[in-house]
Amino acid sequence: MLFIGDDPNLFAIFFCVVKNKVFERQLLFCSFDLKLNIKLESIKSLRMKKLTLIVVVLLVAFTMKAQVNVLQIDVDGGKTQINKNIYGQFAEHLGRCIYDGIWVGKDSPIPNVNGYRKDLLEALQALKIPVLRWPGGCFADTYHWKNGIGPVADRPKIKNVFWGGTVEDNSFGTNEFLNLCELLGCDPYISANVGSGTVGEMVDWIEYMTSDDNVPMANLRKKNGREKPWNVKFLGIGNESWGCGGNMTPEYYADLMKQYSNYAAMYGGDKFQRIGCGSNGSDFNWTKVLMEKGRNNMDGLSLHYYTIAGEGWDKKGPATNFGEESYFLGLKKALYMDELVSRHSAIMDQYDKDKRVALLVDEWGIWTNVEPGTNPGHLFQQNSMRDALIASSTLDILNKHSDRVKMANIAQVVNVLQSMILTQGNKMVLTPTYHVFKMYNVHQDATLLPSSLICEQYKLGTDQIPAISSTSSVDKNGKIHITLSNLNPSKEIKLEIDLSGKGFTKINSGSVLTATAFNSINSFDKPETVSPVTFKNVKKLSDNKLEVSIPSKSVVVLELE
Ligand code: AHR
């Protein structure tokens with residue numbers, strides 16, 4: 001018996017035929033229930049044997065070409081929880097993210113709730129954001145928090161030196177951010193200033209935000225109208241300290257991080273988790289040094305990775321009107337997240353086999369050229385169906401690694417890179433990426449179900465990527481959610497889903513996000529071009545099997561129970 005394996009590789013099959021070494025072969029192709037016994041002993045002539053085998057092989061190959069997509073889900077085998085914080089967001093003082101995005105001010109003609117833009121607030125509430133990172137980004141290492149508290153009229157104006165030199169009036173500061181988190185029902189993730197700040201400035205901030213004692217900073221907070229401390233869960237110690245946050249070596253940063261981290265623990269106790277600044281994409285040495293020197297001083301280590309769908313940082317490619325090459329490249333680069341996370345996790349495993357230190361991908365997303373005619377320092381970009389697929393396939397990767405990855409924060413929540421929301425005057429659009437996050441929030445805190453996916457490739461020229469991406473999870477009420485993305489822009493794909501174990505009794509619901517083109521966007525004039533609709537192309541075959549036809553370039557979510 002020869003097991004040809006789970007890759008339907010025609011060459012391998014032909015190789016067997018030409019060699020003709022074995023007279024009885026059982027070809028097992030993946031798990032397709034496609035079993036073939038070829039009794040060649042009964043055929044006398046060698047020529048006939050070869051011919052018969054060739055015909056059979058061609059038949060098999062033809063059948064397999066027609067259907068090679070199977071997702072097997074182990075319904076009873078879940079062990080790891082998908083941390084809801086993987087669905088985290090990032091708000092930076094950059095361009096129109098804070099001012100003119102989240103915050104319009106109490107006197108704005110745009111409807112607002114105490115200065116927060118009302119339509120945006122409601123849309124973010126519906127998104128169930130678990131955690132929000134602030135105030136940067138590169139901005140964080142220039143931010144002096146005391147400029148942003150107290151009576152607004154007394155707050156100094158500052159120049160945002162990283163992002164276009166824009167002057168900000170500091171009307172959105174610590175109180176405004178932490179109150180926003182309460183309105184959204186999410187945990188705040190504060191990035192402390194290590195690049196141009198001091199340990200003293202950080203511990204004062206910790207005291208201002210989290211202390212209930214009779215100490216100067218807690219009293220200052222009370223004077224500013226907030227009696228009770230806020231619940232701050234995460235504290236980042238610097239941002240991109242290898243670059244915009246101070247140009248440090250990993251060794252130097254590790255020492256500094258330990259100092260900041262120890263004082264943070266002294267003033268904040270175990271109220272929050274301390275996050276060390278992590279690597280720039282594939283700088284594996286940074287992770288190694290941080291784990292070697294600093295693993296006992298941090299609860300998490302971050303990682304930043306941006307998808308560039310163009311030639312490089314100087315030519316990142318447009319966010320709209322791009323061709324299939326850029327579509328393909330964007331997806332391929334996004335899928336690199338899997339290798340990155342695997343390799344950083346493997347390094348972390350060497351020092352921390354119990355996985356106490358979490359990996360936090362606290363900046364990710366597609367970064368394109370700015371929209372023509374907008375301030376280059378404000379990084380405002382549109383968002384397309386391609387970006388929705390980048391979001392879904394990246395979330396699938398992060399879910400898969402949820403034994404180590406405990407948080408991720410897509411950049412940025414509004415009006416910047418891969419945003420959830422875009423605003424223009426009193427108009428607002430929900431981007432295709434917003435819809436993906438909303439569809440995927442069923443996985444928040446659910447148990448990841450082990451699965452294996454055998455699927456065809458989406459090919460462009462000589463290059464290829466897997467055409468399907470997926471996550472399966474079961475929530476605390478026993479509902480199974482399966483998210484599926486078809487990355488092929490022009491082919492509907494049939495997928496068989498096999499659920500082992502107790503299976504399911506009914507399909508509760510399904511929705512699909514797709515568009516007429518891979519570069520379709522939601523514009524201010526046509527804000528609903530890319531919006532989810534009910535999904536019907538799903539058939540129950542048995543209590544353990546269903547068949548789904550996933551439209552080209554689409555994201556599907558199914559609920560079974
Ligand atoms: O998201 C934009 C910038 O990208 C962030 O400020 C910085 O951390 C990263 O380089």
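Numbering starts at 1 and runs along the sequence shown. Indexing begins at 1, ligand by ligand and atom by atom, following the structure's order.
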For atom 2 (C) of ligand 1, the closest protein heavy atom turns out to be Q412 NE2, 3.4 Å

At under 4.0 Å between heavy atoms, which part of W364 makes contact with ligand 1: side chain, backbone, both or neither?
-> neither

Any idea which part of Y306 is under 4.0 Å from ligand 1, heavy-atom wise: side chain, backbone, both or neither?
-> side chain

Below 4.0 angstrom from a heavy atom of L417, which ligand 1 atoms are there? Numbered from 1 as shown, please.
-> 1 (O)

K106 atom NZ, neighbour heavy-atom count above 12 within 6.0 Å | no

side-chain hydrogen bond (donor to acceptor under 3.5 Å, both in side chains) contacts touching residues 246-255 (sequence neighbours left out) = D255-K293

Starting from atom 10 (O) of ligand 1, find the nearest protein heavy-atom neighbour and note its residue, name and distance.
-> E240 OE1, 2.7 Å

Would you kindly say whether S473 and H481 are connected by a side-chain donor-acceptor distance under 3.5 Å?
-> no

Could you tell me whether R386 sits above the aromatic face of F518, with NZ or CZ closer than 6.0 angstrom to the six-membered ring centre and within 45 degrees of the axis?
-> no

Give yes or no for whether the N/O distance cutoff of 3.5 Å, strictly under, is met between C138 and ligand 1.
-> yes

Which atoms from ligand 1 have a heavy atom of G137 less than 4.0 Å away?
-> 5 (C), 6 (O), 8 (O)

For atom 8 (O) of ligand 1, which protein heavy atom lies nearest, and how many Å away is it?
-> E363 OE2, 2.7 Å

Under 4.0 Å from ligand 1, counting heavy atoms only, is it the side chain of V416, its backbone, both or neither?
-> neither

Could you please spell out the steps behind the salt bridge (charged side-chain N to carboxylate O under 4.0 Å, His left out) verdict for D445 and K128?
-> CA-CA 12 Å; D445 277 348; K128 297 201 169 83; over 6 Å; no

Examine the proximity of ligand 1 to W367 and report which part, side chain or backbone, both or neither, has a heavy atom under 4.0 Å away.
-> side chain

Numbering the atoms of ligand 1 from 1, which are under 4.0 Å from a heavy atom of N239?
-> 8 (O)

Would you name the heavy atoms of Y434 and M420 that are closest together and state the gap between them?
-> CB-O, 3.1 Å

Using a strict 4.0 Å threshold on nitrogen-to-oxygen distance, state whether R155 and D169 make a salt bridge.
-> no

Between L235 and A192 the two heavy atoms that sit nearest each other are CD1-CB, 4.4 Å

Please verify whether a non-hydrogen atom of W163 lies at under 4.0 Å from ligand 1.
-> yes

